[in-house]
Amino acid sequence: MTFREAVWRLVRRIPRGRVATYGQLAALLGRPRAVRAVGGALRRCPADLPWHRVVNAQGAISARPRMSSMLTQRIRLEGEGVAFRRGRVVLRAHAWRAWRRLP
DNA sequence: GACTTGACTAGAC
DNA sequence: AGTCTAGCCAAGT
């Protein structure tokens, strides 16, 4: 199991209407400093992954090569009821509280 | 094995 | 609040 695959597995568990940050995923995987690697894992991820539920530590959608992808992410999140405020997800309301669910 | 490359982050101004 | 920087790390070459 590569790190990348572990990231994908974890991303699949993020519930609808909630978001996780790159740093949070890295921490949950036991590699709190591998944040950039998490980004790398999402850069090439399966299409069926709920990749749109991952945002950066500020709640913003991280920059990427194609602007359309960023727009898609926002549309999908709003479609799940995730609220934005000044261009950012309201983390206080939608952060995935994984620590309450993991063993 | 030595670089390089990012969908990152926290800290310093 | 915006901008910069150094540190970090899995993967690909």
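Keep in mind that the numbers below use all heavy atoms, side chains included, and drop hydrogens, waters and symmetry copies. Within every chain, numbering begins at 1; the chains are lettered A, B, ... in the order of the sequence lines, protein sequences first and strands thereafter.
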J.: Reckon A/Thr21 has a side-chain N or O less than 4.0 Å from the OP1 or OP2 of B/dC8?
T.: no
J.: Can you measure A/Arg66 atom CZ to B/dG6 atom P for me and round it to whole angstrom units?
T.: 15 Å
J.: Output the single nucleotide from B/dT9, C/dA10, C/dG2 whose closest atom is nearest the side chain of A/Arg88.
T.: C/dG2
J.: For the pair made of CZ in A/Arg64 and P in B/dA7, what is the distance, rounded to whole Å?
T.: 8 Å
J.: Is the count of non-hydrogen atoms from other residues, nucleotides or ligands lying under 6.0 Å from A/Arg33 atom CZ greater than 12?
T.: no
J.: Rounded to the nearest Å, what distance is computed from the CG atom of residue A/Leu25 to the C1' atom of nucleotide C/dC8?
T.: 16 Å
J.: How close or far is atom P of C/dA10 from atom CG of A/Leu29, stated in whole angstroms?
T.: 11 Å
J.: Looking only at heavy atoms, what is the nearest atom pair of A/Val54 and A/Gln73, with distance?
T.: O-NE2, 2.8 Å
J.: Sort out the partner of B/dA7 for me: Watson-Crick or G-U wobble, both distances under 3.5 Å, none otherwise.
T.: none
J.: Choose from C/dA10, B/dC8, C/dA11 the nucleotide whose nearest atom is closest to any side-chain atom of A/Ala37.
T.: C/dA10
J.: Between B/dC8 atom C1' and A/Ile61 atom CD1, what is the distance in whole Å?
T.: 16 Å
J.: Using heavy atoms to find the nearest nucleotide of DNA chain B for A/Arg43 and A/Gln58 separately, return the residue whose nucleotide is more 5′.
T.: A/Arg43
J.: Around A/Arg76, counting heavy atoms of other residues, nucleotides and ligands shown, do more than 12 lie under 6.0 Å from its CZ?
T.: yes
J.: Under 4.0 Å between any heavy atoms, over every strand shown, what does A/Gly40 touch: base, sugar-phosphate, or nothing? Just pick one.
T.: nothing
J.: Phosphate oxygens OP1/OP2 of C/dA6: is one of them under 4.0 Å from a side-chain N or O of A/Arg33?
T.: no
J.: Using atom CZ of A/Arg44 as one end and atom P of B/dT5 as the other, report the distance to the nearest whole Å.
T.: 13 Å
J.: Show the numbers, then the answer: is there a side chain to side chain donor-acceptor pair (under 3.5 Å) between A/His52 and A/Glu80?
T.: CA-CA 11 Å; A/His52 58 283; A/Glu80 296 184 352; 2.9 Å; yes
J.: A/Asn56 CG to C/dC8 P: how many Å, rounded?
T.: 21 Å
J.: Return no unless some side-chain N or O of A/Arg36 is found under 4.0 Å from OP1 or OP2 of B/dC8.
T.: no
J.: Please check: side-chain N/O of A/Arg64 versus main-chain N/O of A/Ser62, any donor-acceptor pairing under 3.5 Å?
T.: yes
J.: Counting any heavy atom closer than 4.0 Å, what does A/Phe3 reach on the DNA or RNA strands: base, sugar-phosphate only, or nothing?
T.: sugar-phosphate
J.: Within the 4.0 Å heavy-atom criterion, would you say A/Thr2 contacts the bases, only the backbone, or no part of the nucleic acid?
T.: sugar-phosphate
J.: Taking OP1 and OP2 of C/dA10, is either one under 4.0 Å from a side-chain nitrogen or oxygen of A/Arg31?
T.: yes
